[in-house]
Amino acid sequence: MFNKRVRIKELLSNESANYQATVMGWVRTFRNSQFIALNDGSTNNNLQVVASLGDFDDAILKRLTTGACIKVEGEVIASLGKGQKVELKASSIEILGDSDAEKFPLQPKKHSLEFLREIAHLRFKTNTFGSVFRVRHSLAFAVHKFFNDKGFVYLHTPIITASDAEGAGEMFRVTSLPLDGTAPKNEDGSINYKEDFFGRSTNLTVSGQLEGELAAMAFSDIYTFGPTFRAENSNTTRHLAEFWMIEPEVAFNDLEDNMNLAEEFIKYVIKYAIDNNKEDIEFLAQRLEEEEKQKPQNERNEMTLMEKLDFVVNNDFERLTYTEAIEILKESNHNKKKKFQYLIEGWGADLQSEHERYLVEKHFKKPVILTNYPKDIKSFYMRMNEDGKTVAAMDILAPGIGEIVGGSQREERLDRLTQRMNEMKIPAEELNWYLDTRRFGSCPHAGFGLGFERLVQFVTGMGNIRDVIPFPRYPKSAEF
RNA sequence: UCCUCCUUAGCUCAGUUGGUUAGAGCAUCUGACUGUUAAUCAGAGGGUCUCCCGUUCAAGUCGGGAAGGGGGAGCCA
């Protein structure tokens with residue numbers, strides 16, 4: 001019985017009329033005791049179901065409240081009203097699930113994102129989040145399509161890891177030992193993890209990169225796409241404790257190949273979303289424009305969301321070295337007039353958010369790829385350049401959200417790598433399995449990590465990362 | 001973790017120099033109307049003014065503290 005239903009998106013896009021159809025969905029509004037705006041999540045557009053006066057009992061009509069789930073059978077006809085081309089003239093209406101109008105928190109009106117965040121389990125039922133999560137789906141699908149079409153192997157890296165030497169951030173501990181103080185102890189009073197489930201101390205992964213490198217040393221081209229966890233006490237609009245990361249790792253690629261891959265990848269998935277979710281992105285663009293009207297003129301975006309996405313797809317990213325970026329920043333009027341909170345004094349310091357934003361949003365007005373950072377502000381596995389001062393790193397900075405990609409050519413020379421690990425006090429014995437890649441058939445290779453939620457933010461224009469993941473995890477928050 | 005702003009009805013918000021019974025729009029309920037498009041019209045119900053302590057004859061309003069939330073910073077993706 002249920003499989004006979006027509007999706008509302010199909011029914012509306014197929015504009016023919018005069019046929020019988022069954023639809024199921026949730027009531028958005030019930031107007032004039034006759035007109036049901038019905039939504040099934042396939043599109044933001046509602047189907048107008050007409051319950052002609054006198055055709056239905058009051059007992060049924062009373063239950064057509066906002067949020068109620070119904071099944072409707074009837075005839076699709078050319079609409080007698082102006083708002084839509086076709087409508088469904090109901091012959092039978094069945095209530096599948098009631099929704100108490102006095103208690104259901106969603107109303108046919110605009111809600112604040114902050115309020116919806118408190119009822120994140122219900123926000124899928126709104127237009128904004130419907131659009132956001134349909135776009136998120138398309139982007140996720142496009143990630144796999146892009147790499148699959150290029151012959152990459154999708155590698156599942158572990159969620160639970162033993163290494164705590166990656167230095168990518170604070171980790172969540174994984175244990176089955178009791179927390180009431182009765183856990184087995186060593187002689188010095190520390191917890192004896194030999195007695196723990198895995199016989200050692202374990203954590204949730206902060207990155208699949210090191211495991212990805214192992215596979216790249218056999219398959220040549222791999223990518224990961226999975227959840228990662230950071231226990232940092234970050235309270236910002238662009239950090240989550242649980243987020244999804246895409247990490248390609250490619251043998252025989254150098255830094256430039258790596259940049260080319262990242263740029264092609266970003267353009268591909270954005271184009272895919274534009275081509276497949278035009279309606280949703282246009283809806284989000286309009287939402288964003290209304291939000292922008294609340295802001296003063298000088299804080300508004302120059303481009304609409306759709307213009308911004310088209311621009312990114314059709315223009316080359318600006319590529320420059322860290323050293324060149326420092327020069328531009330140092331010589332900028334912004335720096336000379338001391339408008340930066342942190343003034344650029346010289347070479348060597350990490351760039352602050354304000355500097356990245358200046359380069360991307362003021363100076364170049366496009367995505368920027370920064371390369372060859374000082375070795376002291378980057379990770380141990382990045383390949384040392386000939387100058388001995390910089391490493392073959394690259395960060396991609398996007399307007400509005402900052403760093404969206406971090407990557408590098410990896411240090412494939414065992415002696416250089418172990419030397420860097422010593423300098424940075426990374427225990428080599430714990431990463432012996434990783435160092436084996438350099439012992440047995442090492443080769444030049446490169447890869448990057450892309451924060452999936454930041455990509456979704458960029459494409460949907462949503463300002464807060466908590467609004468682009470279905471069930472956000474952040475400090476003091478793991479409800480739903 | 002730091003800086004900053006905010007917390008009044010289900011939601012979004014007003015609330016004067018501290019002063020009687022704290023308001024509006026939307027939502028909800030009742031009724032009317034019936035081709036509506038976040039329907040319209042009339043009426044009704046709905047409040048521990050986030051919590052605790054203090055100042056005062058008197059606190060939604062002033063002071064201190066706590067909790068929750070927004071924005072920014074750091075960490076990063």
Side-chain angles (χ1 to χ4, degrees), chain A residues 28-38 45-54 61-62 65-67 77 79-84 87 89 99-119 126-127 166-170 206-209 227-247 262 294-295 299 340-342 350-357 377-379 395-398 401-407 448-458 463-469 474-477 479:
Chain A
R28 284 287 174 84
T29 65
F30 183 37
R31 289 184 295 268
N32 217 349
S33 309
Q34 275 186 89
F35 304 102
I36 305 163
L38 194 69
N45 297 317
N46 300 322
L47 171 68
Q48 170 149 295
V49 174
V50 183
S52 298
L53 288 172
L61 299 180
K62 285 262 187 235
T65 52
T66 300
I77 58 171
S79 179
L80 304 177
K82 284 180 185 155
Q84 56 283 317
E87 61 192 19
K89 184 172 162 39
S99 174
D100 186 339
E102 290 201 59
K103 290 180 183 152
F104 186 57
L106 295 173
Q107 303 156 12
K109 61 172 273 190
K110 198 174 162 76
H111 289 291
S112 68
L113 295 175
E114 292 81 12
F115 171 65
L116 293 171
R117 221 168 279 150
E118 291 171 14
I119 50 165
T126 65
N127 283 338
E166 293 165 41
E170 290 295 313
V206 293
S207 162
Q209 181 200 315
T228 45
F229 308 87
R230 307 269 167 98
E232 303 285 350
N233 190 8
S234 295
N235 294 285
T236 78
T237 54
R238 54 192 187 284
H239 289 87
L240 290 165
E242 176 181 302
F243 65 100
W244 286 64
M245 191 151 62
I246 296 142
E247 295 177 288
Q294 313 291 322
K295 294 185 190 166
E299 287 178 29
F340 287 128
Q341 198 185 337
Y342 296 89
D350 208 351
L351 299 179
Q352 304 287 321
S353 301
E354 58 176 343
H355 304 135
E356 296 181 350
R357 272 209 310 277
I377 58 174
K378 287 291 178 185
S379 303
D395 283 0
I396 301 185
L397 311 175
I401 47 177
E403 188 176 341
I404 192 168
V405 165
F448 61 85
L450 181 141
F452 184 58
E453 281 73 21
R454 291 189 182 171
L455 176 69
V456 180
Q457 269 190 290
F458 186 75
N464 193 318
I465 201 165
R466 295 166 188 178
D467 295 331
V468 299
I469 187 166
Y474 49 96
K476 302 278 181 293
S477 181
E479 218 186 332

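Predicted model, so just to flag it, every value in this text is computed and none were measured. Each chain gets a letter, A, B and so on, in the order its sequence line appears, and its residues count up from 1.
Note on A:Q352: every side-chain N or O is 4.0 Å or more away from OP1 and OP2 of B:A73. Phosphate contact (OP1/OP2 of B:G72, side-chain N/O of A:R357, threshold under 4.0 Å): absent. Taking side-chain N and O atoms only, A:T237 has a distance below 4.0 Å to OP1 or OP2 of B:G72. Regarding contacts with the backbone of B:G74, a side-chain N or O of A:S353 is found under 4.0 angstrom from either OP1 or OP2. Close to B:A39, at under 4.0 Å from its OP1 or OP2, lies a side-chain N or O of A:T29. Between A:R466 and B:G70, a side-chain N or O to OP1/OP2 separation shorter than 4.0 Å is present. The phosphate of B:U12 has OP1 or OP2 within less than 4.0 Å of a side-chain N or O from A:S112. At B:G68, none of the side-chain N or O atoms of A:R117 fall inside 4.0 Å of OP1 or OP2 (strictly under the cut-off). Between A:R31 and B:U36 there is no side-chain N or O to OP1 or OP2 distance below 4.0 Å. The side chain of A:N464 places an N or O atom within less than 4.0 Å of a non-bridging phosphate oxygen (OP1 or OP2) of B:G71. Taking 4.0 angstrom as the limit, A:N233 places a side-chain polar atom (N or O) nearer than this to OP1 or OP2 of B:U1.
B:U50 sits 8 Å from B:U7 when the P atoms are compared, rounded to a whole Å. The P atoms of B:A22 and B:U28 are separated by 26 Å, rounded to the nearest whole Å. For the P atoms, the distance from B:C29 to B:G19 is 37 Å, rounded to whole Å.
Evaluation of atom-type donor-acceptor distances gives a pair under 3.5 Å for the side chain of A:Q48 against the base of B:U36. Looking at A:E102, its side chain has no donor and acceptor atom pair within 3.5 Å of the base of B:G10. Between the side chain of A:S234 and the base of B:C75 there is at least one donor-acceptor pair of N/O atoms closer than 3.5 Å. Side-chain atoms of A:N46 stay outside donor-acceptor range of the base of B:U37, with no qualifying N/O pair under 3.5 Å.
If you measure from atom NE2 of A:H239 to atom P of B:G71, you get 14 Å, rounded to the nearest angstrom. For the pair A:F104 CZ and B:A38 P, the computed distance is 18 Å after rounding to whole Å. When rounded to the nearest whole Å, the span between CD1 of A:I377 and C1' of B:C75 equals 14 Å. Counting to the nearest Å, the P atom of B:C13 and the CZ atom of A:F115 are 12 Å from each other. The distance between atom CZ of A:F30 and atom C1' of B:U37, rounded to the nearest whole Å, is 14 Å. A:H355 places its NE2 atom 9 Å from the P atom of B:G74, with the value rounded to the nearest Å. With rounding to whole Å, A:E356 atom CD is found 13 Å from B:A73 atom C1'. A:L116 has its CG atom 17 Å from the P atom of B:A27, to the nearest Å.
Under the 3.5 Å distance criterion, the side-chain polar atoms of A:T236 are matched with a main-chain donor or acceptor of A:R238.
Across all strands shown, nothing is found opposite B:C33 as a Watson-Crick or G-U wobble partner with both distances under 3.5 Å. Nucleotide B:U28 forms a Watson-Crick or G-U wobble pair with B:A44, both donor-acceptor distances falling under 3.5 Å. In this structure, B:U55 forms no base pair with any nucleotide, since neither Watson-Crick nor G-U wobble geometry is met with both distances under 3.5 Å. Using the Watson-Crick or G-U wobble rule with both distances under 3.5 Å, B:G18 pairs with nothing in any strand shown. In this entry B:A73 has B:U1 as its Watson-Crick or G-U wobble partner, both defining distances falling under 3.5 Å.
Residues satisfying the side chain to side chain donor-acceptor pair (under 3.5 Å) test with A:S52, not counting sequence neighbours, are A:K89.
Of all heavy-atom pairs spanning A:D100 and A:E102, the tightest one is OD1-N, 2.9 Å.
Within the model, atoms CZ of A:F35 and CD of A:E87 stand 7.0 Å from one another, a figure rounded to the nearest 0.5 Å. Distance CD1/A:I396 to CZ/A:F448: 6.5 Å, rounded to 0.5 Å. Rounding to the nearest 0.5 angstrom, the gap separating the CD1 atom in A:I465 from the OG1 atom in A:T237 is 8.0 Å. Atoms CG and CZ, on A:L240 and A:R466 in that order, are 7.5 Å from each other to the nearest 0.5 Å.
Positionally, the nearest nucleotide of RNA chain B for A:T65 lies more toward the 5' end than for the other of A:T65 and A:L53.
Within the nucleic acid shown, A:F35 comes within 4.0 Å of at least one base atom, counting heavy atoms only.
Listed nucleotides: B:G68, B:C75, B:U12. Nearest to the side chain of A:K476: B:G68.
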Just list the side-chain donor-acceptor pairs under 3.5 Å for residues 105-112 of chain A, sequence neighbours left out, or say none.
| from | atom 1 | to | atom 2 | distance (Å) |
| --- | --- | --- | --- | --- |
| A:H111 | NE2 | A:Q107 | N | 3.0 |
| A:S112 | OG | A:F115 | N | 3.1 |

